Number of protein chains: 2
Amino acid sequence: MSLPHAILTALVEKPSSGLELTRRFDKSIAYFWSATHQQIYRELGKLEADGLIRALPGEQPARGQKKSYEVLPAGREELARWTAAAQDPKPLRDAMLLRLRAAAVVGTTGIEADLRRHLELHERQLAEYEEIEKRDFPPGRDSPEDRLRHLVLRAGLDLEAFWTRWLEHALAEFAELPGDGPARDTRSSSPARPLRTGTASSGGAGTRQRR
Amino acid sequence: MSLPHAILTALVEKPSSGLELTRRFDKSIAYFWSATHQQIYRELGKLEADGLIRALPGEQPARGQKKSYEVLPAGREELARWTAAAQDPKPLRDAMLLRLRAAAVVGTTGIEADLRRHLELHERQLAEYEEIEKRDFPPGRDSPEDRLRHLVLRAGLDLEAFWTRWLEHALAEFAELPGDGPARDTRSSSPARPLRTGTASSGGAGTRQRR
DNA sequence: CGATTTTGTGCAACTAGTTGCACAAAATCG
DNA sequence: CGATTTTGTGCAACTAGTTGCACAAAATCG
């Protein structure tokens with residue numbers, strides 16, 4: 001729904017080829033939108049067919065050759081229209097949170113390592129964004145454009161900070177948890193019997209695949 | 001990728017029919033996973049076909065009749081396996097952040113109202129989660145299961161708090177912005193000329209549709 | 001300078017989620 | 001008690017994103 005608009009935005013900021021776009025998405029767009037090179041090329045084709053962008057004149061190369069695109073007036077208008085239109089926020093879907101909730105009924109064996117790994121990933125991401133902030137938004141510059149872009153980076157940065165803190169908190173909680181974690185349904189009729197269900201040992205090697 | 005596991009988790013916590021699941025997803029699962037009733041029914045069918053869940057014996061009703069499901073041992077094992085398996089966090093994609101970045105080049109006309117609307121939505125959500133916290137996690141209860149589930153709710157709650165603060169910050173920034181917002185490319189050659197581009201007026205009524 | 005690696009573009013098949021309905025049974029309403 | 005609404009289940013078509021390749025041109029390497 002909004003990949004085309006992400007590409008339009010990037011191209012208005014600076015005309016680019018598919019690969020350049022891919023790099024810019026990885027580098028300085030990733031903190032609010034991510035996309036693979038396959039998605040980008042596909043969408044560039046559609047946007048060109050729709051008359052919203054065009055290949056920069058001058059080069060007319062075939063497969064395996066750079067081709068840069070720029071935004072046409074129609075593209076700019078579409079982007080302005082989309083930006084102003086009301087949109088509902090999309091509901092949350094976070095696998096790690098789900099896994100933790102699942103762990104409450106099925107046992108905590110194994111997640112802790114991945115929590116730790118995620119913590120590292122988020123810490124690294126956070127550090128990277130802080131670099132970007134230092135580089136792209138030094139105290140001096142604060143044109144309206146800069147302030148808006150800085151605002152967006154702050155969101156990405158603060159979200160990473162949030163996850164970092166949350167994961168630390170979660171790990172601290174784990175440290176206080178008894179033994180190998182719970183595996184029963186609190187609402188089931190079984191009383192305070194501290195049973196150790198089979199999940200941890202039996203499922204074991206993780207052989208089972210779905211479908 | 002993880003809707004089936006969300007359903008398994010919910011069903012382990014308490015066997016339910018499709019509609020009951022839908023309600024529980026809306027109510028107390030929405031802060032980490034969301035799903036429509038169509039998704040849920042479809043997935044219930046698959047899970048049953050795969051032998052991970054089964055209809056509760058006792059009733060054998062046709063279309064338009066309640067049918068409750070419970071998790072089979074194979075389902076519990078699959079859930080335990082999935083929960084423990086390492087998974088990469090999925091990259092961020094947030095339309096509002098993208099729109100703000102787009103607004104930096106294409107003009108801010110129109111977004112402010114939607115920022116305000118989002119702020120209200122997030123405030124309402126936050127209040128709702130605080131209710132849930134008060135109701136489901138009173139100071140007394142802190143079995144391991146509760147602590148894990150509380151941790152998950154805290155994430156949902158703190159994320160809403162984050163967005164609320166961020167949107168307030170964004171709106172404050174808007175208040176300081178000159179006139180009708182920027183609409184030029186900072187990197188383009190045009191100097192400090194405070195031009196007012198056509199985007200606001202020309203694109204206007206929002207007629208243009210893609211495809 | 002031929003072989004190998006890197007750069008750049010792209011297709012095809014798949015998975016996950018969304019939108020728009022359809023329809024039967026049960027409950028409610030005049 | 002027939003008509004209408006609500007409850008509950010589900011199909012079909014679509015949109016968005018992912019995964020796994022293919023392949024040509026250019027650069028590099030022995």
Side-chain angles (χ1 to χ4, degrees), chain A residues 1-8 11 15-26 29-30 32-50 53 55-56 59-69 82 87-95 98 209-211, chain B residues 1-8 11 15-26 29-30 32-50 53 55-56 59-69 82 87-95 98 209-211:
Chain A
M1 224 191 99
S2 16
L3 174 60
H5 302 99
I7 292 180
L8 286 173
L11 286 183
S16 305
S17 69
L19 190 75
E20 284 161 357
L21 273 180
T22 303
R23 297 231 169 94
R24 293 174 58 203
F25 267 77
D26 286 349
I29 299 189
F32 58 94
W33 206 268
S34 78
T36 64
H37 77 274
Q38 290 95 331
Q39 278 180 284
I40 289 171
Y41 283 113
R42 199 199 306 165
E43 204 58 43
L44 282 173
K46 279 189 209 162
L47 288 169
E48 190 177 25
D50 287 1
I53 64 175
L56 277 185
E59 311 128 52
Q60 213 66 15
R63 208 164 207 265
Q65 281 294 90
K66 267 197 218 176
K67 192 160 65 163
S68 285
Y69 293 91
W82 178 83
Q87 280 181 56
D88 287 334
K90 48 140 208 38
L92 186 60
R93 266 191 200 101
D94 188 279
L98 171 55
Q209 292 294 71
R210 287 199 68 239
R211 295 256 107 198
Chain B
M1 226 187 98
S2 15
L3 174 60
H5 302 99
I7 292 180
L8 286 174
L11 287 182
S16 305
S17 68
L19 189 75
E20 283 161 358
L21 272 180
T22 303
R23 296 232 168 93
R24 293 175 57 206
F25 267 77
D26 285 349
I29 300 190
F32 58 93
W33 206 269
S34 77
T36 62
H37 77 273
Q38 291 95 333
Q39 277 180 284
I40 289 172
Y41 283 113
R42 199 200 305 166
E43 203 58 42
L44 282 172
K46 279 191 209 161
L47 288 169
E48 189 177 27
D50 287 2
I53 65 176
L56 277 185
E59 312 127 52
Q60 213 65 14
R63 207 164 208 265
Q65 281 296 88
K66 267 198 220 182
K67 192 161 63 165
S68 284
Y69 293 91
W82 177 82
Q87 279 181 56
D88 286 334
K90 53 142 204 32
L92 185 61
R93 267 191 199 100
D94 187 279
L98 171 55
Q209 291 294 69
R210 288 197 68 238
R211 294 257 111 196

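Within every chain, numbering begins at 1; the chains are lettered A, B, ... in the order of the sequence lines, protein sequences first and strands thereafter. Values in this document were obtained by computation on a predicted structure and should not be read as measured data.
Looking at every heavy atom in both residues, Leu98(B) comes nearest to Ser2(A) through CD2-O, 3.6 Å. Across Ala95(A) and Gln87(B), no two heavy atoms sit closer than the pair CB-OE1, 3.8 Å. Contact record, Lys90(A) with Arg93(B): CE-O, 3.5 Å, taken as the closest heavy-atom pair. In this structure, Leu19(A) and Tyr41(A) approach most closely via the heavy-atom pair N-OH, 3.3 Å. When every heavy atom of Pro15(B) is checked against every heavy atom of Glu20(B), the shortest pair comes out as O-OE1, 4.4 Å.
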Contacts under 3.5 Å, N or O only, protein and nucleotides 17-21 of chain D:
{"from": "dG17(D)", "atom 1": "O3'", "to": "Arg93(B)", "atom 2": "NH1", "distance (Å)": "3.4"}
{"from": "dT18(D)", "atom 1": "OP2", "to": "Gln39(A)", "atom 2": "OE1", "distance (Å)": "3.2"}
{"from": "dT18(D)", "atom 1": "OP2", "to": "Arg93(B)", "atom 2": "NH2", "distance (Å)": "2.9"}
{"from": "dT18(D)", "atom 1": "O4", "to": "Arg42(A)", "atom 2": "NH2", "distance (Å)": "2.3"}
{"from": "dG20(D)", "atom 1": "O6", "to": "Gln38(A)", "atom 2": "NE2", "distance (Å)": "3.1"}

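Glu43(A) places its CD atom 16 Å from the C1' atom of dT9(C), with the value rounded to the nearest Å. When the P atom of dT9(C) is taken as reference, atom OH of Tyr69(A) falls 8 Å away, rounded to whole Å. Computed from coordinates, the Leu21(A) CG to dG8(C) P distance equals 13 Å when rounded to whole Å. Atom CG of Leu44(A) and atom C1' of dG10(C) are 11 Å apart (whole Å). In this structure, NZ of Lys90(B) is placed 15 Å from P of dA16(C), rounded to the nearest angstrom. Note: CG (Asp26(A)) to P (dG8(C)) measures 13 Å, nearest angstrom. Here the P atom of nucleotide dT7(C) and the OH atom of Tyr41(A) are 12 Å apart, to the nearest Å. Atom CG in Leu19(A) sits roughly 4 Å away from atom P in dG8(C) (whole-Å rounding).
Within the 4.5 Å cutoff, side-chain heavy atoms of Leu3(B) are placed close to those of Trp33(B). Taking the side chain as every heavy atom from C-beta outward, Tyr69(A) and Leu56(A) never approach each other to under 4.5 Å. Between Arg24(A) and Leu21(A), the closest side-chain pair of non-hydrogen atoms falls below 4.5 Å.
For Ala30(A), the side-chain contact (heavy atoms from CB on, under 4.5 Å) criterion is met by no residue, not counting sequence neighbours.
Backbone-only engagement by Ser17(A) is indicated by non-hydrogen atom pairs under 4.0 Å involving sugar-phosphate atoms exclusively.
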Taking Watson-Crick and G-U wobble contacts under 3.5 angstrom, with | marking pairs to another strand and [ ] crossing pairs, the secondary structure of DNA chain D is written ||||||||||||||||||||||||||||||

